[in-house]
Peer 1: 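Quick one: structure below, then a few questions.
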There are 2 protein chains.
Amino acid sequence: MFYLIGLGLGDAKDITVRGLEIIKKCDKVLLEGYTSILTVGKEALEEYYGRPLILADRELCESNIDDTLKEAKIKNIALLVVGDPLGATTHTDMLLRAKQFGVESQIIHNASIMNAVSCCGLQLYSFGETISIPFWTESWKPDSFFEKILENYSRNLHTLCLLDIKVKEPTEESLTKKVRQYMDPKFMTVRDAALQLVQIIDKKPDAGLTRESLAVGLSRVGAPDQRIALMTLEKMLDLDLGPPLHSLVIPASKLHPLEIDYLEQFK
Amino acid sequence: MFYLIGLGLGDAKDITVRGLEIIKKCDKVLLEGYTSILTVGKEALEEYYGRPLILADRELCESNIDDTLKEAKIKNIALLVVGDPLGATTHTDMLLRAKQFGVESQIIHNASIMNAVSCCGLQLYSFGETISIPFWTESWKPDSFFEKILENYSRNLHTLCLLDIKVKEPTEESLTKKVRQYMDPKFMTVRDAALQLVQIIDKKPDAGLTRESLAVGLSRVGAPDQRIALMTLEKMLDLDLGPPLHSLVIPASKLHPLEIDYLEQFK
């Protein structure tokens, strides 16, 4: 059996009881480490589970997972994923491959930022399409996500912005070489995201959003040191919400009275 | 301390380890029983936790919660909520009241249908606004949710439709009386929802959705007997997905190849 197990958002104890029981009985347990991270590292999880974990990077998950899946025909193998296991496309693809190999699989759900974002007081059913903000480079500054924010905004919906994560990304120079070299891990902060947004806004003064528009910055949602801050995008350029992961919300223009009351505490 | 603890979606073991530890140390534990239900009942949870639970109905949660919250100033009190605790507005309101009374609170997140719906293979970031479909009565047949489905559809986004739940709802006749009488619990099925949708569609032939449009029916997501079915709304009128809870998804018109491959297994 192949198990995809969600770890939730905080630390080792945010796994479900069912998930923990499965980890303990599995023959092999992999930890997916590039679509998201926990505030605690691999070692803390290994200590809590009392067993070693195999770190599964992008190469293993996207190109070399077949051997592991085939092994799950006769063994119990789990892949641990931060948040909910089906947040990323890669994991849906794995389940399809498992099926092709005749391997049964089971999903153990958990909280993800897609629902835990409600901790800021904005109602989940008032969120529109979720978007991702990628790190810009010198030569690559995509801004199509901004149109989606505007579409949500024009329908009076909030937008959850997932911020880019670069873990074990090959350097551009090494892409064509035999031996890959990797960049240092990089996590987009709320400030990074606000900076990119403000640059787009400056070029589109009639878009509806301005430097004075309110935004909600969130860091380490679900962890004891979670932080939430409500302020203008302009002010967010000076905000430091601490270690990763960060997320950003662009709220709808008209909020529910309860949303206003709740957000007030994060001013 | 006042704890809001999410129970997840399946049975007793879908609580997180952290949530279970808190339940065990609390002085009083309430189970919210009207915004959602687990496939297992209160008794199964009591047996698993080894302690009695106080059933918290709508009246307690919406009108009579203040005494409980004030009690949490000196005691540890938990309210258990199926799914994630902040799915419903009521619970956000409770946290605000707790704050007014000077009571600290903590949220223990868990999976909710808002993220676990990804088990059907449709990608979470391609969902638009979530809508609720209410039970129609003889004289009350609202259809504003349909416009929201169409708006998502026109932007090529999926729509998650949460289906109505009636638990301990006062009968209309007893609303003005001193002694309330209650209706039997009622859970909207995927078939009920399809029936209402088809009635709206028949009146709006140019809306873009037809009786032949595809829909995904889900029941008991996260439980071992979870079921998922992909078919036209017309065919869904004859579908029985078993016991509650049910949810419905109206997929976008153009799907990602991986979404198509994954959905295929539910035909």
Side-chain angles (χ1 to χ4, degrees), chain A residues 6 8-21 48 83-89 91-93 95-96 99 106-119 121 123-132 148 151-152 155 157 160 162 221-222 224 256 258-259 261-262 265, chain B residues 6 8-21 48 83-89 91-93 95-96 99 106-119 121 123-132 148 151-152 155 157 160 162 221-222 224 256 258-259 261-262 265:
Chain A
L9 296 168
D11 66 22
K13 289 189 176 174
D14 287 308
I15 191 164
T16 64
V17 174
R18 182 193 307 286
L20 186 59
E21 283 182 359
Y48 184 67
D84 187 74
L86 293 189
T89 323
H91 308 133
T92 317
D93 185 50
L95 293 175
L96 276 177
K99 206 177 160 140
Q106 205 181 316
I107 303 161
I108 309 297
H109 292 289
N110 208 322
S112 76
I113 187 66
M114 307 286 261
N115 62 347
V117 65
S118 57
C119 64
Q123 296 298 318
L124 280 188
Y125 51 75
S126 299
F127 277 79
E129 186 178 2
T130 298
I131 62 132
S132 297
K148 293 184 177 179
E151 280 185 54
N152 285 335
R155 290 172 68 195
L157 297 172
L160 168 62
L162 303 175
V221 167
H256 185 280
L258 201 62
E259 291 180 319
D261 289 350
Y262 205 87
Q265 61 191 308
Chain B
L9 295 168
D11 65 23
K13 290 188 176 173
D14 287 310
I15 192 163
T16 64
V17 174
R18 182 192 307 286
L20 186 59
E21 283 181 1
Y48 184 67
D84 187 74
L86 293 189
T89 323
H91 307 133
T92 317
D93 186 50
L95 292 175
L96 276 177
K99 205 179 161 137
Q106 205 182 316
I107 302 162
I108 310 297
H109 292 287
N110 208 321
S112 76
I113 186 67
M114 308 285 262
N115 63 347
V117 65
S118 57
C119 64
Q123 295 299 320
L124 280 187
Y125 51 74
S126 298
F127 276 79
E129 187 179 1
T130 297
I131 62 134
S132 296
K148 293 184 177 179
E151 280 185 55
N152 285 336
R155 290 172 67 196
L157 297 172
L160 168 62
L162 303 175
V221 167
H256 186 279
L258 202 61
E259 292 181 317
D261 288 350
Y262 205 86
Q265 61 191 307

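Just so we're on the same page: letters track the sequence lines, and every chain starts at 1.
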Peer 1: Do you know which two heavy atoms are closest between A:H109 and B:G222, and how far apart they sit?
Peer 2: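 Closest heavy-atom pair between A:H109 and B:G222: CD2-CA, 4.4 Å.
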
Peer 1: B:K13: which residues meet the salt bridge (Lys or Arg N to Asp or Glu O under 4.0 Å) condition with it, sequence neighbours left out?
Peer 2: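 With sequence neighbours excluded, B:K13 shows a salt bridge (Lys or Arg N to Asp or Glu O under 4.0 Å) to A:E21, given in chain and number order.
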
Peer 1: Checking A:N110 against B:N110 for the side chain to side chain contact (heavy atoms under 4.5 Å, CB included) test, could you report, in this order, the C-alpha distance in whole Å, the side-chain angles of both residues, the deciding distance, and whether it holds?
Peer 2: CA-CA 5 Å; A:N110 208 322; B:N110 208 321; 4.3 Å; yes

Peer 1: Flag the one option from A:Q106, A:E259, A:Q123 with the top tally of heavy-atom pairs under 4.5 Å to chain B.
Peer 2: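 Between A:Q106, A:E259, A:Q123, the count favours A:Q123.
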
Peer 1: Walk me through it: do A:L124 and B:T130 pass the test side chain to side chain contact (heavy atoms under 4.5 Å, CB included)?
Peer 2: CA-CA 8 Å; A:L124 280 188; B:T130 297; over 6 Å; no

Peer 1: Below 4.5 Å, heavy atoms only, C-beta onward: do A:D11 and A:Y48 meet side chain to side chain?
Peer 2: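 Not in contact.
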
Peer 1: Pick whichever of B:S118, B:S126, B:G10 has the most heavy-atom pairs under 4.5 Å with chain A.
Peer 2: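 Among B:S118, B:S126, B:G10, the one with the most close pairs to chain A is B:S118.
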
Peer 1: Select one option (side chain, backbone, both, neither) describing which atoms of B:I15 are under 4.5 Å from chain A's heavy atoms.
Peer 2: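 Its backbone and side chain both get close to chain A.
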
Peer 1: Given heavy-atom pairs under 4.5 angstrom as the criterion, report whether the side chain, backbone, both or neither of B:F127 touches chain A.
Peer 2: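 Only the backbone of B:F127 comes within 4.5 Å of chain A.
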
Peer 1: Please determine, among A:L9, A:L95, A:L20, the option with the most heavy-atom pairs under 4.5 Å with chain B.
Peer 2: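 Option with the top pair count is A:L95.
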
Peer 1: Can you tell me which of A:G8, A:G19, A:C119 forms the most heavy-atom pairs within a distance under 4.5 Å of chain B?
Peer 2: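 Result: the option with the highest number of such pairs is A:C119.
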
Peer 1: Please test B:K99 against A:Q265 for side chain to side chain contact (heavy atoms under 4.5 Å, CB included), starting from the C-alpha separation and ending with a verdict.
Peer 2: CA-CA 10 Å; B:K99 205 179 161 137; A:Q265 61 191 308; 3.3 Å; yes

Peer 1: Select, from A:L160, A:D261, A:L157, the one with the greatest count of heavy-atom pairs under 4.5 Å involving chain B.
Peer 2: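 Highest number of heavy-atom pairs under 4.5 Å: A:L157.
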
Peer 1: Can you tell which of A:A116, A:G87, A:G128 has the highest number of heavy-atom pairs within less than 4.5 Å of chain B?
Peer 2: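 Between A:A116, A:G87, A:G128, the count favours A:A116.
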
Peer 1: Which residue out of B:T16, B:D84, B:V221, B:N152 racks up the most heavy-atom pairs below 4.5 Å with chain A?
Peer 2: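 Most pairs with chain A among the choices: B:T16.
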
Peer 1: With only heavy atoms counted, which part of B:E129 is less than 4.5 Å from chain A, the side chain, the backbone, both or neither?
Peer 2: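 Both parts, heavy atoms under 4.5 Å.
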
Peer 1: Does any non-hydrogen side-chain atom of A:Y125 lie less than 4.5 Å from one of B:L162?
Peer 2: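 The answer is no; the side chains never approach within 4.5 Å.
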
Peer 1: So which residue, A:D14, A:I131, A:I108, A:I107, ends up with the most heavy-atom pairs under 4.5 Å with chain B?
Peer 2: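 Ranked by contacts with chain B, first place is A:D14.
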
Peer 1: B:E151: which residues meet the salt bridge (Lys or Arg N to Asp or Glu O under 4.0 Å) condition with it, sequence neighbours left out?
Peer 2: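 Residues passing salt bridge (Lys or Arg N to Asp or Glu O under 4.0 Å) with B:E151: A:R155.
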
